[in-house]
Amino acid sequence: MKITIIVGTRPEIIKMAPVIRELEKRQENYFILHTGQHYSYNLDRVFFEQLGLPPSKYNLEVGSGSPAKQTARILIGVEKVLQQESPDVVLVEGDTNSVLAGALAAVKLHIKVGHVEAGLRSYDKNMPEEINRMLTDHCSDYLFAPTEKAKEILLNEGILKEKIFVTGNTIVDTIYQNLEIARESGNTLGSLHLKPKQYFLVTVHRQENVDNRARFASILEGLGRVAAEFEMPVIYPIHPRSRKTMAEFGLQPRGLKLIEPIDFLSFLQLESSARLILTDSGGVQEEACILSVPCVTLRDNTERPETLEVGSNILAGAVPEKILKCLKTMLGRENNWRNPFGDGDAGERIARLIMGV
Ligand code: UD1
Ligand code: UDP
């Protein structure tokens, strides 16, 4: 059995790490194919180094571009590697262009596809990620659903139950495997002059938020009001996409401390000690929930409804007054919710299911 693991962006590397770790432990025949969608050191290599991952055997170096160009380059590059290597199974994780193009290239060559984090839906087709998720799920042979809810969604879309496996989300594994290491690995709070539970952490990078001037400006206004009213530092490790549009739109955020995107262990420190997290990231909504830190999601919908149900998260959209109101609601909540994303053994389960043992 030969396995190809496809990764392309920051969250895919972080969430695929437990599966890679397990295949490595079992000495299985696998290799990593990196599409090169993310290429900056702090969105890519730093995660391989910190999570102890072996280097990718191939890097397609597709880089940035319009959705069609990027997806097309990945399709062509992945096809070539798969023809050369003839794996039995290709594994993809999440909802990026690398995921859709990787799955499509494989299925066209009649190679089995396993989708890690299957069955998530925001029901908002304006998001590129929603299209990627739906299409990838429908061409996959193994659907690794993180929760029973995700399984239900797949069943309701007519996917055969024999193909669906509820494994938990691999992000729980990654957190459990790295939280202690993160706590012992330097003093990120100190170097940013922060005190535990006395700052807010922000990430905003989704296309629907930051590529729209009015919407991005409104979110930044809301965050500025939060900083002013609570007199607490608001730290924003800013994704290059957001940095670029912020400059293009001439937006000047008030009251926020912008820093470069940071490594995973430092980010875990920042997350776990934050008073509250405001984000539009999928992974960060989950991590806040798992780490018992309240979360305000700067979107109108989420494909992580489990976080709303357990009470760790609230949808605020992009209107400043609503952002403030939601933040106050979350500050008043007890953070004693349960983690709905599994027990931290998702990587092992996925490896066993693929290998059939
Ligand atoms: C992609 C995913 C998104 C995911 C995010 C994770 C799609 C459609 N979107 O968005 O779902 O949440 O990754 O972070 O696949 N750039 C750099 N360095 C890099 C990569 C990108 O500077 O290493 C800049 C470039 O200006 C580029 C922009 O960021 O144009 C956007 O990059 P892209 O890969 O197109 O999408 P993301 O916004 O990163
Ligand atoms: N992350 C990180 N450094 C940062 C910001 C985020 O290591 O400066 C990690 C975070 O812990 C999470 C992942 O990146 O595991 C989320 O990626 P992102 O928000 O880019 O993508 P999404 O989850 O929205 O697809």
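These values consider heavy atoms only, across backbone and side chains, with no hydrogens, waters or symmetry-generated copies. Throughout, numbering of the chain's residues begins at 1 and tracks the sequence. Whatever order the structure lists ligands and atoms in, that order sets their numbers, starting from 1. These figures come from a predicted structure and were not determined experimentally.
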Checklist entry - Mind checking whether T167 and P146 have side chains closer than 4.5 Å, heavy atoms only? => result no

Checklist entry - Hey, what's the ring geometry for F264 with F47, parallel, tilted or perpendicular (30° and 60° as the breaks)? => result perpendicular

Next on the checklist: Set out, in order, the CA-CA distance, both residues' side-chain angles and the distance that settles side-chain contact (heavy atoms from CB on, under 4.5 Å) for R10 and N42, then state yes or no.
Outcome noted: CA-CA 9 Å; R10 167 168 79 183; N42 58 2; over 6 Å; no

Next on the checklist: Please list the nearest protein heavy atom to atom 24 (C) of ligand 1 with its residue and the distance rounded to 0.1 Å.
Outcome noted: P240 CB, 3.8 Å

Item to check | Minimum-distance protein heavy atom relative to atom 4 (C) of ligand 2 | outcome: R10 NH1, 3.3 Å

Checklist entry - Quick one: does ligand 1 sit under 4.0 Å from the side chain of S64, the backbone, both or neither, non-hydrogen atoms only? => result side chain

Checklist entry - Under 3.5 Å between some N or O of ligand 1 and some N or O of T96? => result no

Checklist outcome for this item: ligand 2 atoms nearer than 4.0 angstrom to some heavy atom of F47 are 7 (O)

Checklist outcome for this item: Heavy-atom proximity to atom 26 (O) of ligand 1 ranks first, among K69, K244, E12, for K244

Next on the checklist: Below 4.0 Å, non-hydrogen atoms only: which portion of Q70 touches ligand 1? Side chain, backbone, both or neither.
Outcome noted: side chain

Checklist outcome for this item: Nearest non-hydrogen protein atom to atom 1 (C) of ligand 1, with distance, is Q37 NE2, 3.7 Å

Checklist entry - How far is atom 6 (C) of ligand 1 from its nearest protein heavy atom, and which residue and atom name does that atom have? => result P11 CD, 3.5 Å

Checklist entry - With a cut-off of 6.0 Å (strictly less than), are more than 12 heavy atoms of other residues, nucleotides or ligands near CD of Q27? => result no

Next on the checklist: To check your reading of the model: name the closest protein heavy atom to atom 12 (C) of ligand 2, its residue, and the distance in Å.
Outcome noted: E287 OE2, 3.2 Å

Item to check | N/O separation below 3.5 Å, R10 to ligand 1 | outcome: no

Checklist outcome for this item: of all protein heavy atoms, closest to atom 21 (O) of ligand 2 is P11 CG, 3.4 Å

Checklist entry - Considering only heavy atoms of S281, which atoms of ligand 2 have at least one such atom less than 4.0 Å away? => result 16 (C), 18 (P), 19 (O), 22 (P), 23 (O), 24 (O)

Item to check | Over 12 non-hydrogen atoms of neighbours within 6.0 angstrom of NZ in K197 | outcome: yes

Item to check | Under-4.0 Å heavy-atom contact with ligand 2, by part of K15 that carries it | outcome: neither

Checklist outcome for this item: Counting heavy atoms under 4.0 Å, the part of L43 that contacts ligand 1 is side chain

Checklist entry - Given that the side chain starts at C-beta and the backbone is N, CA, C, O, which of these parts of F264 lies under 4.0 Å from ligand 2, counting heavy atoms, or is it both or neither? => result both

Checklist entry - Heavy atom of R206 under 4.0 Å from ligand 2? => result yes

Item to check | Side chain, backbone, both or neither: the part of R241 lying under 4.0 Å from ligand 1 by heavy atom | outcome: both

Next on the checklist: Regarding ligand 1, does T9 bring an N or O atom to under 3.5 Å of one of the ligand's N or O atoms?
Outcome noted: no

Checklist entry - Please state which protein non-hydrogen atom is closest to atom 8 (O) of ligand 2 and give its distance, to 0.1 Å? => result I262 N, 2.9 Å

Checklist entry - Can you tell which part of E129 has a heavy atom less than 4.0 Å from ligand 2: side chain, backbone, both or neither? => result neither

Checklist entry - Is there a heavy atom of R206 sitting under 4.0 angstrom from any atom of ligand 1? => result yes

Item to check | Heavy-atom neighbours of R45 CZ exceed 12 at 6.0 Å | outcome: no

Item to check | Identity and separation of the nearest protein heavy atom to atom 9 (C) of ligand 2 | outcome: I14 CD1, 3.6 Å

Checklist entry - Which protein non-hydrogen atom lies closest to atom 13 (O) of ligand 1, naming both residue and atom, and how far is it? => result H38 NE2, 3.4 Å

Next on the checklist: With nothing but distance in play, are any N or O atoms of V284 less than 3.5 Å from an N or O of ligand 2?
Outcome noted: no

